Structure formats: C-alpha cells, structure tokens
Number of protein chains: 2
Amino acid sequence: MTLETGHRSAPASEQELLQRAAAVAGQSLAELAAMLAVQTPADLDHNKGWGGQLLETWLGASAGSQPTPDFPELGIELKTLPVDTAGRPLESTYVCTVDLQPAPGGWHDSLVWLKLQKVLWLPLVTAKNAPPGERRIGSALLWSPTAEQADILQQDWEELMELVSAGELEHISSRQGQYLQIRPKAANSRALTRSFDSDGNASLTLPRGFYLRPAFTRQILQHHFH
Amino acid sequence: MTLETGHRSAPASEQELLQRAAAVAGQSLAELAAMLAVQTPADLDHNKGWGGQLLETWLGASAGSQPTPDFPELGIELKTLPVDTAGRPLESTYVCTVDLQPAPGGWHDSLVWLKLQKVLWLPLVTAKNAPPGERRIGSALLWSPTAEQADILQQDWEELMELVSAGELEHISSRQGQYLQIRPKAANSRALTRSFDSDGNASLTLPRGFYLRPAFTRQILQHHFH
DNA sequence: CAGGATCCACGTGTGGATCCTA
DNA sequence: TAGGATCCACACGTGGATCCTG
C-alpha cells in the first residue's frame, strides 16, 4: 500500500473502489489519518463529520457538497456507519436535505432514490467511550435495496412528501416512516429556511433532512454478514 | 340479558361463546362484577388475575387450573388482553408453564401449540391509572395464527426447547424469541422447581413460563381491527 | 446552504419479580 | 404448582438539537 497525501483521483470502477476500501479494512481511523497526514481529534464534539470526510478523501470521492452521489460516474453513494462491537448500527443515517418547496415529481425522480440505489456502507466499529482515532474500519458492503426494501422506502417517501407538498410540514413527525424519517437538519433550532404553509403562503421553518432509521441499516448489515 | 350468579355452563358452540362475549362488550368490569355478585377490588396489586377470572366465570370457562384450553370441547383458549385507549396491548401474554423436564415431542405435540391454535382475545381497555373496575370490555376477536405466524412461533419454540432439553436453561434469555419468550413464572425469585443441568444431573431452578411479546399481540389486533 | 455526521435527555419498552386462586 | 395475570426499575432507543467543512 502506498502512502498518499492530499486529494486522490476518483476510482475508475466499482472494483477499484472496493479495492481501496478493502485496503484499509481493519485499520483504525488514527492510522488512516496518519497516512493522509491529517490530525486526529480527541473527540467528535466539534467535528462530527471527521470520519466520513477522512474516508471520502481516501476513497477519492468528489469533493464539495453537491446533491449527487459521492461517486457520480459509478452512481455510488458512500455512507460510513458507526456500529458497536457486535456490528449493530448505532445511529440513524442522513440521506439528503428535504426540499421544502418541491418541484413536481415522483419517487423515481427523487434525490432519496438517486442516492439509495447503490450505497457503499463502510462500518466504523466504535467501542463505548472510545475516542475517534480508535474507531476501526470494517468490511465494506456494496448494497442496493431489494424489491421489498425499495417498496417500503417509496411508501415512506410518498407519505412524507405528500405532507410536505401540502404545506403540512408542522404535521410531520419523526415517528412517521418505517425506514425513512424526516428530522431537523440545521445548525440549531433557530435556523430557518424558506417553505410555505397549508394556505400556500410563504413562510420560514426549521430545515429538515431525510434519515434512515437504525432498524433499517441493522437489517441491511445483518442480511449480508450474518 | 339475564343476570346470573355463580358458575355457568360451558358454551355449547363457538357461536354461543361469541354471543356471551358480545353481550358484555362495552361494559366496565365493575358492571360485570356486579352482575356476578363479585366484589371489585380497588387495585390489582394483590389480585392480578381478577379480570381474567371474572371473564372466565361469565363466559363459562372450565374451572380450575388445568393445562388445557379454557374451552376444551371447542379447542378455544381465552385470553384477556390489557390495551390502552388506542387499542394497543400493554403487557406480554402468559401462555403456559415451561416443562423443565420435557418428554420428547415436537411443536405439534406442545402445549403452546395446543393453546394457541385458537384463541379468543378479549381486550380490556385500561386508561392510565384507572382502577380495575373502570376497565372496559372490548370487542372479542376469535383468532388463529396465520401460516407465517405459526412458522415463527414454531421457530421460537424449537430454539427455546432445544436449550431446555439440553439442560442449558441458564443460557436462555428473555431476549430470545421473536414472538415467544421464556420468562420467570413464580411466586418470587427464590421459588424452585425440579430441572436438570447440562451434565444430566438433577437440579433446582426458578420456574419459567412461555409468554407472547406485546409486539406480537399488537400485530394480531392491528391486523384485525386496523 | 448542502453534505459530512454525532450528541444526549427523556420517554417507552420490557425483563425480572411478584401476587391470588383453585 | 398450574393458571389467572400485572408491577416497575432501568436499559435502550431515538427525536430533537447541534457542529464543522466546502
């Protein structure tokens, strides 16, 4: 394995992407950070995305924050997934921002579907109270939803977007959705973004994001590694 | 409706049983207790089975505590089910005692299967902190497991009984089993009953029972009352 | 502002314990 | 001791809040 620093070219194929992931499987994030000449923080309190961005760099994901999959040419989205020592996901997984002034369009036009069609799940094994550097990179899983999973994701998305489109944002609860939920996605609870109410009038509300529930990502990992 | 006291003859048919159940649907347990000339306790702390036994009396279930369905001629087991005001089961449901020195025999010979083949679920609507007399009798549901439900119950039973038969009782956790679990069923944690260990030697352990998880009975009621 | 995510207080669920009757 | 069940402390899950980077 060659030690490289700085940015890296995008992988040319699924195979190359999987090889890059396999090359660091078993390593700690501190080891990967050293290879990339990046500092390892003592905690994630003020840098929650550190692990994900470290692996984006290593794997050669497109820089920047664009509403597209991380590897546009491959149609693959990268998601790191904090798991406990038994391999069970510990947190929900952010998918994308909810468009609160949505253009017309169905599930198959949605950003959620675009991003979830093919995902490279990269477990980060996180022991209790362990610092970020001690997290270990697990075996990557290149996943696409089964027909059943896609059906339920679509149902969830349609149920939620129906309310968004009707301006019923205040009637959306994080408890809705079997696999997919809508939760706040903002700097803080005072942040505001443009939306509209049920009368069609412009208004301002807390920005929201789509998230996958832990129960769903647990199912995905169990299904493949059990 | 005739007011009757004391014991009642067993119902001669499913239809008669369902009619007796329908006759008290909507009533409070205090009203039923008055009809049966039974005292209503102020709480259930020292009489947890009061509601169940009241309805056994009203419906004409066989007296006594025998390891058979409550209506042997009809092959029907009666289960009262405490539910919240939204109709969601609040507690697990006791099925029967676990035989800790089991005779050989499969799922279809088991007491669990015998009792669960046909169950009359009788919801008892229980508002928060409401006394026993204020519980209201709901609409009865005569249920038999679907093929899928029966499959999972069988899987659970086989997984659990394999451990019991191997004397691995101490390795059984209440967390095992998707629908069916094994939990203590005793006067207290010092109670002991005969069993044997993994070396085949006689020993004494806490008596256990089979229980249905609330998630399962919620599924049953939802499926029928949607 | 979109994407990279985690933090943590608090409500819900339930595993273990328990009680009465026949 | 089998059957009728419920009680309740506490672990666990998660909904709402939050933080950094490009």
Side-chain angles (χ1 to χ4, degrees), chain A residues 41 43-57 61-68 70 77-82 90-99 111 115 124 126 132 173-175 181-191 193-194 206-209 211 213-215, chain B residues 41 43-57 61-68 70 77-82 90-99 111 115 124 126 132 173-175 181-191 193-194 206-209 211 213-215:
Chain A
D43 61 62
L44 294 181
D45 288 8
H46 297 277
N47 209 349
K48 299 179 178 179
W50 177 74
Q53 286 161 352
L54 200 62
L55 278 146
E56 283 191 346
T57 301
S62 312
S65 62
Q66 302 152 68
T68 65
D70 296 289
E77 174 75 11
L78 171 67
K79 286 293 173 201
T80 58
L81 198 50
L90 294 167
E91 292 283 353
S92 57
T93 301
Y94 169 69
V95 180
C96 60
T97 300
V98 178
D99 185 351
L111 187 51
K115 288 202 168 192
L124 295 183
T126 306
S173 160
S174 306
R175 291 162 183 80
Q181 66 177 170
I182 287 183
R183 296 230 304 284
K185 177 71 167 86
N188 57 63
S189 59
R190 275 88 59 205
T193 194
R194 291 173 197 282
L206 187 60
R208 319 296 170 96
Y211 294 82
R213 294 183 178 280
Chain B
D43 61 61
L44 294 180
D45 289 8
H46 298 277
N47 207 351
K48 300 180 179 181
W50 178 73
Q53 285 160 353
L54 200 61
L55 278 147
E56 281 191 348
T57 301
S62 312
S65 64
Q66 302 152 66
T68 65
D70 297 290
E77 175 73 12
L78 171 68
K79 288 293 173 200
T80 58
L81 197 50
L90 294 167
E91 292 283 352
S92 57
T93 302
Y94 169 68
V95 180
C96 62
T97 300
V98 179
D99 184 351
L111 187 50
K115 289 202 166 192
L124 296 183
T126 307
S173 160
S174 306
R175 291 162 183 82
Q181 64 177 171
I182 287 183
R183 297 229 304 283
K185 179 69 167 87
N188 57 63
S189 60
R190 276 88 60 205
T193 194
R194 291 173 197 283
L206 186 60
R208 318 295 170 96
Y211 293 82
R213 295 183 178 279

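Every chain is numbered from 1 and lettered A, B, ... according to where its sequence line falls, protein lines coming before strand lines. From a predicted model like this one, the values you see are computed outputs, not experimental measurements.
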Residues forming a side chain to side chain contact (heavy atoms under 4.5 Å, CB included) with B/R213, sequence neighbours excluded: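 Side chain to side chain contact (heavy atoms under 4.5 Å, CB included) check on B/R213 returns B/Q181.
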Does OP1 or OP2 of [N] have a side-chain N or O of [X] closer than 4.0 Å?
X      : N      : answer
A/S174 : D/dT14 : no
B/K185 : D/dT1  : no
B/R194 : D/dT1  : no
B/T80  : D/dA5  : yes
A/R208 : C/dC1  : no
A/H46  : D/dC20 : yes
A/R213 : D/dG15 : yes
B/S173 : C/dG15 : no
B/Y94  : D/dG3  : yes
B/Q181 : C/dG15 : yes

Please state how far atom [atom1] in [X] lies from atom [atom2] in [N], giving the value in whole angstrom units.
X      : N      : atom1 : atom2 : value
B/E56  : D/dA5  : CD    : C1'   : 11 Å
A/Q53  : D/dG22 : CD    : P     : 7 Å
A/L90  : C/dA5  : CG    : P     : 14 Å
B/N188 : D/dT1  : CG    : P     : 13 Å
A/L206 : D/dG15 : CG    : C1'   : 12 Å
A/L78  : C/dA2  : CG    : P     : 21 Å
A/W50  : C/dA5  : CH2   : P     : 13 Å
A/D43  : C/dA5  : CG    : C1'   : 14 Å

Criterion side-chain contact (heavy atoms from CB on, under 4.5 Å) on A/L55 and A/L124, from CA distance to verdict: CA-CA 10 Å; A/L55 278 146; A/L124 295 183; 3.8 Å; yes
Test side chain to side chain donor-acceptor pair (under 3.5 Å) applied to A/T93 - qualifying residues, sequence neighbours left out: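 Residues passing side chain to side chain donor-acceptor pair (under 3.5 Å) with A/T93: none at all.
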Flag, side chain of B/S62 to backbone of B/D70, donor-acceptor distance under 3.5 Å: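 Looks like yes, one N/O pair under 3.5 Å.
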A/K79 side chain vs A/G52 backbone, donor-acceptor pair below 3.5 Å: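 No, because the side chain of A/K79 does not come within donor-acceptor range (under 3.5 Å) of the backbone of A/G52.
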Taking any heavy-atom pair under 4.0 Å as a contact, classify [X]: base, sugar-phosphate, or nothing.
X      : answer
A/G52  : sugar-phosphate
B/P207 : nothing
B/L111 : sugar-phosphate
B/R190 : sugar-phosphate
A/A186 : base

Most 5' of B/P214 and A/V95 on DNA chain C, judged by nearest nucleotide: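 Its nearest nucleotide being more 5', the pick is A/V95.
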Show me the donor-acceptor pairs, under 3.5 Å and distance only, between side chains in residues 184-191 of chain A and residues at least two apart or in other chains.
| from | atom 1 | to | atom 2 | distance (Å) |
| --- | --- | --- | --- | --- |
| A/N188 | OD1 | A/R190 | N | 2.8 |
| A/N188 | OD1 | A/A191 | N | 3.3 |

Rounded (10°) bend between the five-pair end axes of the helix from C/dC1-D/dG22 to C/dA22-D/dT1: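 Both end axes considered, the difference amounts to 30°.
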Stepwise side-chain contact (heavy atoms from CB on, under 4.5 Å) check, A/L111 with A/D99: CA-CA 10 Å; A/L111 187 51; A/D99 185 351; over 6 Å; no
Which nucleotide in D/dG3, D/dG16, D/dC20 has an atom nearest any side-chain atom of A/N47: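 Out of D/dG3, D/dG16, D/dC20, the nucleotide with an atom closest to A/N47's side chain is D/dC20.
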Per A/P67 side chain, nearest of listed nucleotides C/dT21, D/dG3, C/dA2: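 Per side-chain heavy atoms of A/P67, the pick is C/dA2.
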Polar pair under 3.5 Å, donor/acceptor by atom type, side chain A/Y211, base C/dA5: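 Pair found.
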Donor-acceptor pair present, A/K79 side chain and C/dG3 base, under 3.5 Å: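 When only heavy-atom distances are counted, A/K79 does not reach the base of C/dG3 through any donor-acceptor pair under 3.5 Å.
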Which residues share a salt bridge (Lys or Arg N to Asp or Glu O under 4.0 Å) with B/K48, sequence neighbours left out: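 None.
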Taking all non-hydrogen atoms of both residues into account, name the closest pair between [X] and [Y] and its distance.
X      : Y      : result
A/T68  : A/K115 : O-CE, 3.6 Å
B/Y211 : B/S92  : CD2-OG, 3.8 Å
B/W50  : B/L44  : CB-CD2, 4.0 Å
A/R208 : A/I182 : CB-CG2, 3.6 Å

Can you name the atoms? Protein N/O to nucleotides 7-12 of chain C N/O, anything below 3.5 Å, with the distance.
| from | atom 1 | to | atom 2 | distance (Å) |
| --- | --- | --- | --- | --- |
| C/dC7 | N4 | A/E91 | OE1 | 3.2 |

